[in-house]
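Sequential numbering from 1 along the given sequence is applied to the chain's residues. For the numbers below, each heavy atom of this structure counts, side chains included, while hydrogens, waters and symmetry mates do not.
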Amino acid sequence: MVFLFPGQGAQLPGQDLALYRTASVFRDTFDEASAVLGPVCGRPQLDWGLDPEVDAAAQAVTEVAQPLLVASGVALARQLRTWGVVPDAVAGHSVGEITAACASGVLTLRAVPAEC
C-alpha cells in the first residue's frame, strides 16, 4: 500500500466536503492544518476545499492550492490510518512531496515552508 499525493492542479472545488462532514479525524486534522497553514501562507482560504461553489480559477492560485492540497492530504492520510489503512510507503509529486513528508512524520505541519 502506497499513499501517493498529487501536486498542484489536482484540487477541485468542494473536494473535502463529504469527508469533512462525516469523518471526525479528517475534520479535526483539516481544521488543525487550516489553522497552521492558512496564516503562514498568507491565504486562510483552506475552507475553499469545502465549498463546491468556489471559483475553480481562484482556488487554483498557488497560494491557495498548495496549502489546500497539503491540508487535504495530511487529513486524508490520518483518517485512512484510523480506518486501518496503513501505507508501506508514501510519495508525492511537487507539493505532494511536502504532504508525503507530513504524512510520514518526517515533517510537521508547523515546519511546512512559508512559501508553501
Side-chain angles (χ1 to χ4, degrees):
M1 171 64 62
V2 176
F3 290 173
L4 180 59
F5 300 99
Q8 187 171 340
Q11 71 284 349
L12 297 169
Q15 68 183 24
D16 303 308
L17 184 58
L19 276 173
Y20 190 87
R21 286 182 174 167
T22 61
S24 63
V25 171
F26 181 91
R27 180 178 46 255
D28 293 346
T29 305
F30 189 87
D31 287 347
E32 173 193 351
S34 294
V36 172
L37 298 177
V40 168
C41 297
R43 300 290 293 256
Q45 294 100 329
L46 272 70
D47 60 341
W48 285 2
L50 307 175
D51 184 358
E53 302 299 320
V54 73
D55 177 50
Q59 188 185 35
V61 172
T62 299
E63 293 83 3
V64 174
Q66 290 188 357
L68 174 60
L69 287 169
V70 172
S72 297
V74 171
L76 180 59
R78 284 188 190 168
Q79 183 64 58
L80 287 170
R81 282 189 169 104
T82 66
W83 289 335
V85 181
V86 180
D88 297 308
V90 295
H93 165 72
S94 186
V95 73
E97 294 174 7
I98 294 173
T99 309
C102 289
S104 71
V106 170
L107 187 65
T108 67
L109 287 170
R110 295 198 185 282
V112 170
E115 298 83 27
C116 298

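Residues satisfying the side-chain contact (heavy atoms from CB on, under 4.5 Å) test with L12, not counting sequence neighbours, are Q15. Contacts of R78 classified as salt bridge (Lys or Arg N to Asp or Glu O under 4.0 Å), with partners at least two apart in sequence or in another chain: E32. Contacts of T108 classified as side chain to side chain donor-acceptor pair (under 3.5 Å), with partners at least two apart in sequence or in another chain: none. For the side-chain contact (heavy atoms from CB on, under 4.5 Å) test, residues two or more places apart in sequence or in another chain that qualify with T82 are V25, Q79. Under the side-chain contact (heavy atoms from CB on, under 4.5 Å) criterion, D31 pairs with Y20, R27, not counting sequence neighbours. Checked against ring pair (Phe, Tyr, Trp, His ring centres under 6.0 Å), F3 has no partners two or more places apart in sequence or in another chain.
When the side chains of ILVMFWY residues are joined at heavy-atom separations under 4.5 Å, either directly or via intervening members, L76 and M1 end up in a single hydrophobic cluster. Linking ILVMFWY residues whenever their side-chain heavy atoms come closer than 4.5 Å, directly or via other members, leaves W83 and V86 in distinct clusters.
Using modelled atom types, no side-chain atom of D16 and backbone atom of L50 make a donor-acceptor pair closer than 3.5 Å.
Heavy-atom minimum distance, V85 versus P87: O-CD, 4.0 Å. Annotation for F5 and G73: closest pair CE2-O, 3.5 Å, computed over non-hydrogen atoms.
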Under 3.5 Å, sequence neighbours excluded: what are the donor-acceptor pairs made by side chains of residues 95-106?
residue, atom, partner, partner atom, Å
T99, OG1, V95, O, 3.4
S104, OG, A100, O, 3.2
S104, OG, A101, O, 3.0
S104, OG, V106, N, 3.4

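Residue L4 holds its CG atom at 10.0 Å from NE2 of H93, rounded to the nearest 0.5 Å. Taking CG of L68 as the start and CZ of F30 as the end, the distance is 5.5 Å to the nearest 0.5 Å.
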